[in-house]
Amino acid sequence: MVKKDQWRICRIVVLSLLFAVYTIYLLWAFLNTEAWVPDERWFFYLARTLGGGGINLREYTHLENRLGYGAVYWYILNFSKTVLTARIYSLTCQISIPVLLVITLKMFRTEQNMDNRIAIALLLYFSSPFAWFTGKIIGPELIGNCLGAMAATILLWVTEVRNICTIGPNIKTRIILISGSLLGGVATGVKPNYIVFLVFWGVYFTIKYITEENRPPKAIPSYLKILMLVAIGFIIGFIAANPVSVTDPKIYISNIAGTNSSNFSVLHLKNCLFKECIEWDFVNSGGMNETIISAVAAISVFVIGCIWGNKRVKILCIASLLACCFLLLLCCRGDRFLGWYLLPFLYLIPISVHDKRIMYPILALNFFILLPGLCYQIQAKNDQIAFIKEWDEYTELMQEYQKEFPEAEPVYYVEMSPESVPDQYLNRIYQYEKSLDKPQLIFISKRALANGSISYLFNLAASNREGYTLIDSYKSLHVCIFQPEKRGEL
């Protein structure tokens with residue numbers, strides 16, 4: 001018993017320290033507001049155009065769901081007024097997920113070792129590169145994911161702790177049901193993908209209700225009444241997040257349709273699961289196996305939970321698995337897939353873990369598979385912040401080379417976020433065109449090399465091929481030149 005208590009205390013201390021490191025790192029990364037990505041910059045100033053610094057209620061009811069994101073998101077971003085405030089909101093949302101994981105798992109106290117389950121779930125979470133997400137920080141993803149996870153947690157609490165499957169809903173549980181589903185409606189309003197959290201609860205509740213031995217006498221009416229309460233809360237939350245869906249449904253549908261491809265194909269599933277991609281803005285947008293959880297670990301969690309879990313854990317695993325499949329199918333609508341579409345997996349998969357000892361080698365394997373993505377996620381933000389702190393020094397160097405090669409057209413693949421950076425520095429690799437009759441002076445930051453196309457240009461220059469030459473490397477900046485007349489030379 002003493003050894004068990006010591007092991008439990010040790011585990012709590014280790015996990016607490018890990019959570020502290022996690023929180024401190026995110027706090028440091030989020031509060032360095034100069035280190036933001038182009039989409040953050042775009043969204044922040046786009047929100048400014050919607051109401052100056054405050055949107056009144058009448059304006060809000062007609063506020064468009066720009067880019068397919070709910071009016072409530074744009075209102076929050078507008079109301080924030082500063083990037084720092086917006087990032088504090090996002091930080092709160094991000095660090096809430098592991099807290100919600102613990103709360104959810106505490107509801108499922110069984111004869112199994114609950115402390116082990118919580119430890120495994122948190123280790124699974126912290127090994128995910130997107131648990132340390134520092135890309136499009138003030139985008140709608142972190143807010144929507146947090147609201148959806150909160151909704152699922154509240155609804156699970158009503159189902160498990162208040163036991164509505166057995167005693168039916170009373171006044172208090174009705175209020176809680178409506179409140180939880182209202183949050184789910186707001187999350188879905190922020191971004192439609194987050195309806196997956198209500199799908200998860202709906203499957204869990206339905207299976208549990210069907211298999212419950214002590215159901216109330218009027219089972220079907222009670223079941224329908226609970227679903228009706230959830231539907232009411234969802235509709236209220238959705239409309240509150242997107243009043244334009246009522247005041248001008250054509251605009252709402254148009255904006256949603258404009259962000260989604262109708263080119264549905266199961267073949268896109270490969271992208272969702274195994275895509276490897278560092279975007280033009282140097283943000284990792286890879287598939288599940290690169291950014292969330294390895295396919296081996298995900299399959300293992302569900303198989304082990306369904307085979308060895310007790311009744312409640314099995315239902316939880318089935319509901320989570322079906323919800324994850326639903327989200328994957330939603331993401332198979334077109335060629336354009338970005339890894340953060342699967343952020344709900346950070347909640348849905350860890351809550352399904354079992355405490356079988358075989359989970360520990362699976363955790364180790366999962367960590368090994370995700371380690372490159374995890375290192376990039378953390379190191380890339382560190383490199384960005386370090387580069388920006390020395391921005392004046394790099395700018396001076398770039399200007400010196402422009403004076404040395406005045407005939408060359410400058411091309412910049414460096415940090416694009418500081419306020420002081422003029423638009424001329426905002427080059428995008430997918431827009432790159434090789435000049436056939438004019439030299440090009442190409443500036444590449446260390447972080448930019450993670451992008452495959454930029455890395456290819458750098459490798460050409462480093463090996464002095466195709467007219468490209470590496471002429472200098474200073475700290476985190478590489479200077480290359482392309483000279484058309486030297487094309488074909490070895």
Side-chain angles (χ1 to χ4, degrees), residues 1 3-26 93-128 130-132 145-146 148-161 197 200-201 204 292-294 297-298 300-321 323-324 343-367 370 374:
M1 183 64 72
K3 287 185 177 180
K4 285 186 177 180
D5 288 341
Q6 289 176 343
W7 171 238
R8 183 174 181 272
I9 293 171
C10 180
R11 187 167 45 205
I12 292 172
V13 170
V14 170
L15 290 174
S16 298
L17 287 174
L18 184 56
F19 181 74
V21 170
Y22 174 72
T23 303
I24 291 169
Y25 171 77
L26 288 182
C93 291
Q94 182 127 331
I95 63 177
S96 295
I97 301 300
V99 176
L100 292 171
L101 283 176
V102 174
I103 293 172
T104 300
L105 287 171
K106 285 285 187 182
M107 298 176 202
F108 291 84
R109 290 187 177 277
T110 65
E111 66 280 0
Q112 298 167 350
N113 193 329
M114 179 54 59
D115 290 339
N116 273 350
R117 287 191 64 201
I118 292 174
I120 293 169
L122 289 178
L123 290 173
L124 200 62
Y125 174 83
F126 287 126
S127 64
S128 169
F130 271 8
W132 307 76
N145 192 50
C146 177
M150 287 176 63
T153 303
I154 291 171
L155 293 172
L156 282 175
W157 183 83
V158 176
T159 308
E160 286 298 320
V161 179
F197 288 103
F200 159 71
W201 175 82
Y204 179 84
I292 304 287
I293 184 174
S294 66
S300 299
V301 167
F302 293 126
V303 170
I304 292 171
C306 288
I307 293 177
W308 284 289
N310 62 17
K311 177 184 173 182
R312 293 195 299 173
V313 172
K314 286 179 179 177
I315 296 174
L316 197 63
C317 284
I318 293 170
S320 179
L321 175 61
C324 289
L343 276 177
F345 283 14
L346 290 177
Y347 174 86
L348 293 173
I349 297 179
I351 62 172
S352 305
V353 297
H354 194 278
D355 69 324
K356 276 282 181 183
R357 289 184 179 179
I358 194 175
M359 281 303 303
Y360 291 103
I362 291 170
L363 279 175
L365 177 61
N366 179 66
F367 179 75
L370 294 176
L374 186 60

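Summarising the geometry of I292 relative to L370, their closest heavy-atom pair is O-CD1, 3.7 Å, with the distance given to 0.1 Å. What you find for I349 and F302 is that their closest heavy atoms are CG1-CZ, 4.0 Å. Nearest approach of L316 to S352, heavy atoms of both residues: O-OG, 3.9 Å. Residue L348 comes nearest to A323 through the heavy atom pair CD1-CB, 4.1 Å, listed as atom of the first residue, atom of the second, then distance. H354 and M359 get closest at one heavy-atom pair: O-CG, 3.3 Å. Across every non-hydrogen atom of Q94 and Y125, the tightest pair is O-OH, 3.5 Å.
With rounding to the nearest 0.5 Å, the separation of SG in C146 from CG in L346 is 12.0 Å. One finds the CD1 atom of I95 at 11.0 Å from the CG atom of L100 (value rounded to the nearest 0.5 Å). Here the CD1 atom belonging to I118 is positioned 10.5 Å from the CD1 atom belonging to I103, to the nearest 0.5 angstrom. One distance of note links CD1 of I293 with CZ of F345; it measures 9.5 Å at 0.5 Å rounding. Between atom CZ of residue F367 and atom CG of residue L374 there is a gap of 6.0 Å, rounded to the nearest 0.5 Å.
Partners of S128 according to the side chain to side chain donor-acceptor pair (under 3.5 Å) rule, which considers only residues two or more places apart in sequence or in another chain, do not exist here. Partners of K314 under the side chain to side chain contact (heavy atoms under 4.5 Å, CB included) rule, at least two apart in sequence or in another chain, do not exist in this structure. Residues satisfying the ring-ring contact (aromatic ring centres under 6.0 Å, His included) test with F130, not counting sequence neighbours, are F133. Scored by the side chain to side chain contact (heavy atoms under 4.5 Å, CB included) test, L123 finds L15, L18, L363 as partners (sequence neighbours excluded). Every ring-ring contact (aromatic ring centres under 6.0 Å, His included) that W132 has, sequence neighbours left out, goes to Y22, Y25. Residues that satisfy the side chain to side chain contact (heavy atoms under 4.5 Å, CB included) test with C306, not counting sequence neighbours, are C317, I318. By the side chain to side chain contact (heavy atoms under 4.5 Å, CB included) test, V303 pairs with I299, I307, sequence neighbours left out.
Judged purely by atom type and a 3.5 angstrom limit, S16 uses its side chain to pair as donor or acceptor with the backbone of I12. Judged purely by atom type and a 3.5 angstrom limit, R117 uses its side chain to pair as donor or acceptor with the backbone of I351.
Contact annotation: the side chain of V99 never approaches that of V102 to less than 4.5 Å [non-hydrogen atoms, C-beta and beyond]. Side chains of F200 and P344 form no contact here, defined as non-hydrogen atoms less than 4.5 Å apart. Looking at heavy atoms from C-beta onward, F197 lies in side-chain contact with N145 at the 4.5 angstrom threshold. At least one side-chain heavy atom of L124 sits less than 4.5 Å from a side-chain heavy atom of V301.
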List the atom pairs, with distances to 0.1 Å, where a side-chain N or O of residues 150-157 and a protein N or O form a donor-acceptor pair under 3.5 Å, not counting sequence neighbours.
residue: T153; atom: OG1; partner: T104; partner atom: OG1; Å: 3.3
residue: T153; atom: OG1; partner: A149; partner atom: O; Å: 2.8
residue: T153; atom: OG1; partner: Y347; partner atom: OH; Å: 3.1

**OP:** Give the C-alpha distance, both sets of side-chain angles, the deciding distance and a yes or no for side chain to side chain contact (heavy atoms under 4.5 Å, CB included) between W201 and T159.
**Re:** CA-CA 9 Å; W201 175 82; T159 308; 2.9 Å; yes
Original post:
Could you walk me through whether N310 and V313 pass the side chain to side chain contact (heavy atoms under 4.5 Å, CB included) check?
Top reply: CA-CA 5 Å; N310 62 17; V313 172; 3.2 Å; yes
Subject >> Trace of the side chain to side chain donor-acceptor pair (under 3.5 Å) decision for N116 with R357 >> reply: CA-CA 9 Å; N116 273 350; R357 289 184 179 179; over 6 Å; no
